[in-house]
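To keep things clear, I will list the structure first and then write my remarks on it.
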Amino acid sequence: MGCECGQRHMEAVLKNVSCTVQLLAVAAHSGVVNEWDEQTVTRAFHWARYCEHIYNRFHGNPVIRGVLEKQLQLTNHSLKEALPEYNAVSFLDLGRCQDLLLLCLLNNSALPISIMKMLFETKASGDCTSSDYEDVRGLCNQIIQCKSACTVLRPLLGTQHCWCSVGADAEVQGEMLMERLGSVLSQSSDPHLAEDFLSPVLQEFEVAVEHLCPVIAAALLTTDSAAQTASQDFLLDWLQSRSGMLQHMCTALPSKVLADLAERHQKFRDAFCKLLKKWASEMEYRVTEGEWVHAATNSAVSFQKMTEHYLTLFEACPSLRTEIEDELNAQRIADGDFDVRGLSVWGDILLALRK
Amino acid sequence: MACWCQCQQAYLYTSRAPLVSFHNNLFLHRQPFHSRTFIDEALDEIKPSSFRTVLITDTPKLLIDVFLKPMHICYWHANIIIIINNNNNNNNNNNNNNNNNNNNNNNNNNNSNSSSNNNKMQGCEESFHGAVRVRQSSQQIGTFPTRNSLEKREVQFLVFAERKRLLSFEADFFKLKSKFACGKRQMTELQVQQTTAHCLNVQEMPFWHEKAIAWGQADTPHTRNDISLHLKSLRNFLQQLLSEISSVSSTTETLNRLPLLGQLLGRLCWNPHVTAEGASRGLLLQCLLALYSEHPSNAVERKANQWIQKVLCHLATDEEDGAAVALMKHLGVPTKEYHLKVLKKMVTRIQESIGNGWCSKACVPLITCPEASPLIDALLQQQMSCIREGLSENFLDALHSAYSRCDLLLDEQAVVSLWYQSLPSLEEAVLNLLESATTAGSTPNKVEDRVSKSLLPKACAQHCSVFLVVNDIFRTVLKQTETNERVKNVFQTFTKCFFMELSRLQPQTSASLKAFFPQSPPSLLIPLFTMPSEMPQESLKNHLMWVSSSLQRLTEEEEDEEDSDSSNMRGNHKVFEAWFLLVQCGYWVQVVVQLLVTSGPEDCGPLLWLLTFYHHPTNRWHHRASQLVQAKAAWDHLYSLFSIVAHPLPADHLQSFISLLAPKPQQPSLAPSLTLNLLVNFATFGQLPQSISAEITQKVVHQSGLQDEAARVLSSLRLGLNDRGSFANDRVHLRIEELHNTIKNKCKPDGRSQTDT
């Protein structure tokens, strides 16, 4: 009985999603939009919100997600036949359905001025007492305000924070990444699912690694809930399995952030220390320049930067100091125990750290 | 209410500099801490010879000394001097000869064809709008010789005579107060060009176009600063543009008239500092939407429509950060939600590391953004303890104007800090309170509600300097409206609420009483600020006798001195301050009237003196003696009326009492409120049966047409007794209620008595 009920429910969901996707197509390409009034637009946005809700609810559920994706394929196919200029809607698009609807409407030349006025209404000009269409009225005005305010504030943060933080944008993105990952992990214990979720997200950034580094750092530094420990563990494992990614992070991020990460996560600390040692071992002394240089030409890490990393790390985790200094000293002795600069990188690092 | 317009004056303070210019009018408020050299330097700096000048000062005498420049003092009243420059020195000298205090036609109105007196007033107000014209025409209300040719005393004399003639002008002048307040410190390069608020000045178009280009070229601290400095005038300009667009019939025509319009709007739309600010963004969007033609009639309009829709679409959906968008797309996060989160995060982060004045400057466009309000609050409050230079003036200015437009929600403490740091805001708040609390129909209960909700008493308790400014405004208002009982009531209520707030603060955090009332006679502070409820009933009378004799001594001393030296302004000041204190402690006056009911003829003298002083503080034309005699007569009447037990009431007795309340043409008459107050208290606390008391009251009030006033006195009495906790006595309570009903019910149907007055 329950199963049948659930099935009927599922059918309704599929139908609603399919209708909303059709609605998007109409909003984007049909002249009918010219007849739309405030009520129609508000209803359209309600349906869009419904799809966002469906996405949030089922994106971590592989079975339902699969069914929905299949349905979307069918709807996309039939719409494409009717409207050649139609752009297919993916399951991911459902999560931002209101954005899509807005984009469709604003790009449709048949959009009546009354709707534009409604969307761009500002509080001062509108009748504040009418609570109808509350959420849609002035929607664009709010979006513009938010975006502009962020742009105004960004330089304020930039100057004061770049040396010790990843930036507000990355922080928010990191939090959202953790949130999504958390919900995927909570719905199924199968790590492959989370892997499936994370990989395409991160693949997107293969070309923009410098953007991804602060986001991952921010994700690992979030402190919100216990559920995140699992997500963070997962992310750390993922990171360790991609040494290139880790190396990128340690090259791109400020020492303070790396030290914070090391302080928070034992796994990261070990990986970071290992990486620092690896970098050191790859350094060679250039007599002409009188300094240690990394052998790989494209690596940005300098000797100076490395000592800075060490010092900031000691500040964050004071217990590491003796341990690492002992290690460095052992390496120095292995190198011949000379007290002259330029002979052993380990000796020179030690010297710089004790300055 | 006519006197209200007049008393809207002294608030043209300036917070930092003593000088303020608005539309070529120069305002100066000299505060006690401004030295003469300071004012001299300030005047030199601003070159007052190019301004039509209005000076506001506590000490006009000093200013006469300061002004050695060839200027014409046109008007001088109380603490206001209006000086109109005469750039032509010869003209000035010529006028010296025919100056005459009876010469009403001494009006060199070059601009107007008519020179009648009525037109003169009008012309003068007009000239405040179009200040440029004034400068050219050197329009004058009256010309006065300068210091070079006349002695100071003569100037004073002339001004005194001129004063009467100009009273009506004063009323018009102060109506402009709000405009001055808004226009303060707005010294952009455009100031001279600004005409009226809603008429578009096409010449400004290229200026703003160039600005928009310059702002769009580089996002540097310099441009950011320039934008925030210009946001206010840009808003005005956009408002004018919007009215222009809406008033022109078609977009084609608008674009013909304003060829740069599209470019300007387009560029401004891409400037986040402009689009971040609520009002500018609103106007910008409205301009674009107003340009959209619903039924385009030609190619231009069709193209314009397309362009508008494209701009709007980009504004709402374009994303700068491609990587972030891609990530959000993968995570299925709506952009609005994302931006909102980022904004909140930024606000929190900046709040954590709030720094210098630079931050406050950058936040000017965000003042009305609700998400940024924690930052605005924090900025305002962190400066409380630091030096004032911390917050940029532009920031405070923008805050003030947003707050007065009601565009801004601040938490209580932030409002207090805004007042603490921005004098124009404080002035406006005080003025608004006075205006709302003194409107007709506001009962003492409502006044108390308004006052306590205004937050001002709280701000005053927290910051002595805020209290001093507020009290200074009250002082000036009171000087103009000494007989207005409503105004006095507001001050009394204010003082009450202020002390309540003060008692809530930790004793060590608040300043001493002396610091709050530096000008009041110190010996009276404690006795008057002690609440009647804090004292045993039986010692009230002695206490008030003592207060009365102290005040009597003080006034006699000062008035004697004044007689011997007519320029004794200091003495007047002392008497005024003593009276001001008494007004603020009005609860004692209530006790005085109540005690007069139970006192015998032998000891009512000092109490009557105190009551008369409260209602007639100045011994103008030496009328105090005669006023005292009248007060005594009123009391005698009531005393005998309320001790006659036999019925019916002796009509002649009642009639002669009523005649005391009638306005008399010959001077000096007693304030009706004094007599009325006595009557109400006799009726409430007297020994006559309730019905007879009510009958007497009803007759008197009815025949003298003072229903509203009587109702007010009763409400005050009820409130005062409540505050003193004296309502243990149910009889008193009942009597007040019944008297109230008598006045309200029996007097209402009879409309005649109201129109009579």
Side-chain angles (χ1 to χ4, degrees), chain A residues 52 55-56 59 91-99 102-103 106-107 109 111-113 116-117 119-125 139-157 160-161 165 168-169 171-173 175-177 179-180 200-201 204-205 208 211-212 215, chain B residues 219 221 224 272-279 281-283 285-286 288-289 292 294 305-306 308-309 312-313 315-317 319-324 326-336 338-343 345-350 353 355 359 362-363 365-366 369 371-372 375 407:
Chain A
E52 287 178 9
Y55 170 84
N56 286 327
H59 76 92
F91 179 74
L92 278 175
D93 289 336
L94 292 186
R96 303 158 63 248
C97 207
Q98 291 188 83
D99 286 351
L102 187 64
L103 196 66
L106 289 177
N107 276 311
S109 57
L111 184 71
I113 178 74
M116 267 192 261
K117 281 185 175 158
L119 292 170
F120 286 87
E121 190 175 282
T122 47
K123 239 193 228 153
S125 68
L139 175 72
C140 296
N141 180 42
Q142 288 165 27
I143 294 176
I144 300 169
Q145 172 169 44
C146 256
K147 280 201 291 191
S148 310
C150 289
T151 321
V152 169
L153 287 179
R154 205 163 277 128
L156 280 185
L157 270 171
Q160 291 171 17
H161 278 261
S165 133
D169 298 81
E171 269 188 77
V172 171
Q173 289 165 28
E175 278 171 16
M176 292 187 142
L177 184 66
E179 210 176 283
R180 289 282 190 257
V201 176
E204 181 85 21
F205 294 98
H211 181 86
L212 191 58
V215 175
Chain B
D219 185 17
R224 271 174 243 146
H273 298 266
V274 177
T275 51
E277 203 266 326
R281 179 182 62 253
L283 288 165
L285 292 176
Q286 283 180 63
L288 282 175
L289 291 167
Y292 193 95
E294 199 160 359
N305 279 1
Q306 281 173 8
I308 290 163
Q309 191 170 353
L312 290 176
C313 179
L315 267 178
T317 56
E319 295 295 335
E320 274 174 34
D321 187 348
L327 184 62
M328 289 305 113
K329 201 172 166 181
H330 268 284
L331 298 180
V333 177
T335 39
K336 191 183 157 194
Y338 170 67
H339 287 300
L340 211 60
K341 281 194 173 165
V342 172
L343 181 55
K345 181 72 76 186
M346 282 178 168
V347 167
T348 324
R349 288 287 170 260
I350 296 177
S353 63
C359 183
C363 292
L366 303 179
C369 174
E371 283 75 26
L375 179 59
D407 264 1

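A, B, ... follow the sequence lines: proteins, then strands. Residue 1 opens every chain. Remember, it's a predicted structure, so these values are computed and weren't measured experimentally.
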(request) Count the heavy-atom pairs under 4.5 Å between each of A/I143, A/I113, A/T151, A/N107 and chain B, then report the option with the highest count. (result) A/I113

(message) For B/L331 and A/L177: C-alpha separation, side-chain torsions, deciding distance, then whether side-chain contact (heavy atoms from CB on, under 4.5 Å) applies.
(response) CA-CA 7 Å; B/L331 298 180; A/L177 184 66; 3.9 Å; yes

(message) Within this structure, what is the CG-CG distance for the pair B/L327 and A/L212, rounded to the nearest 0.5 Å?
(response) 8.0 Å

(message) What verdict does the side-chain contact (heavy atoms from CB on, under 4.5 Å) test give for B/K345 and A/D169, after you've listed the backbone C-alpha separation in whole Å, the side-chain angles of each residue and the deciding distance to 0.1 Å?
(response) CA-CA 8 Å; B/K345 181 72 76 186; A/D169 298 81; over 6 Å; no

(message) Does this structure show an ion pair linking A/E175 with B/K341, if we count only N-O contacts that are shorter than 4.0 Å?
(response) no

(request) With a 4.5 angstrom heavy-atom cut-off, could you sort out which part of A/Q98 is near chain B: side chain, backbone, both or neither? (result) neither

(message) Please give me the minimum heavy-atom distance between A/Q145 and B/A276, naming the atom from each residue.
(response) NE2-O, 4.2 Å

(message) Would you compute the distance between atom NZ of A/K147 and atom NZ of B/K336 and round it to the nearest 0.5 angstrom?
(response) 13.0 Å

(request) Verify, without hydrogens or angle tests, whether A/Q173 (side chain) and B/M328 (backbone) share a donor-acceptor contact under 3.5 angstrom. (result) no

(message) Rounded to the nearest 0.5 Å, what separates atom OG1 in A/T122 from atom CZ in B/R281?
(response) 8.0 Å

(request) Go through the atoms of B/E320 and report whether side chain, backbone, both or neither lie under 4.5 Å from a heavy atom of chain A. (result) side chain

(request) Please state whether the side chain, the backbone, both or neither of A/F120 comes within less than 4.5 Å of a heavy atom of chain B. (result) both

(request) Sort out for me which of B/G282, B/G278, B/A323 touches chain A most, counting heavy-atom pairs under 4.5 Å. (result) B/A323

(message) Looking at A/R180 and B/G332, would you say the former's side chain and the latter's main chain have a donor-acceptor pair under 3.5 Å?
(response) yes

(request) Against chain A, work out which of B/L366, B/L285, B/V333 has the most heavy-atom pairs shorter than 4.5 Å and name it. (result) B/V333

(request) Might you point out which heavy atoms bring B/P272 and A/V152 nearest each other, and give the distance in Å? (result) O-CG2, 3.8 Å

(request) Against chain B, label A/L119 side chain, backbone, both or neither, depending on which of its atoms sit under 4.5 Å from a heavy atom there. (result) neither

(message) If we define contacts as heavy-atom pairs under 4.5 Å, which of A/C97, A/S148, A/G95 has the most with chain B?
(response) A/S148

(request) Go through the atoms of B/N305 and report whether side chain, backbone, both or neither lie under 4.5 Å from a heavy atom of chain A. (result) neither

(request) Find the distance between CD (B/Q309) and OG (A/S109) and round it off to the nearest 0.5 Å. (result) 6.5 Å

(message) How long is the straight-line distance from CG of A/L153 back to CD1 of B/I350, given to the nearest 0.5 Å?
(response) 4.0 Å

(request) Identify which part of B/L375 has an atom lying under 4.5 Å from any heavy atom of chain A, answering side chain, backbone, both or neither. (result) side chain

(request) Quick one: do B/H330 and A/L92 satisfy side-chain contact (heavy atoms from CB on, under 4.5 Å)? Show the steps, please. (result) CA-CA 6 Å; B/H330 268 284; A/L92 278 175; 3.8 Å; yes

(message) At a 4.5 Å cut-off on heavy atoms, which part of B/A324 comes close to chain A: side chain, backbone, both, or neither?
(response) both

(request) Go through A/H59, A/E171, A/E52, A/E179 and name the one with the most non-hydrogen pairs under 4.5 angstrom from chain B. (result) A/E171

(message) Please rank B/L288, B/T348, B/T275 by heavy-atom pairs under 4.5 Å with chain A and give me the top one.
(response) B/T275

(message) How long is the straight-line distance from CZ of A/R96 back to NZ of B/K329, given to the nearest 0.5 Å?
(response) 6.5 Å

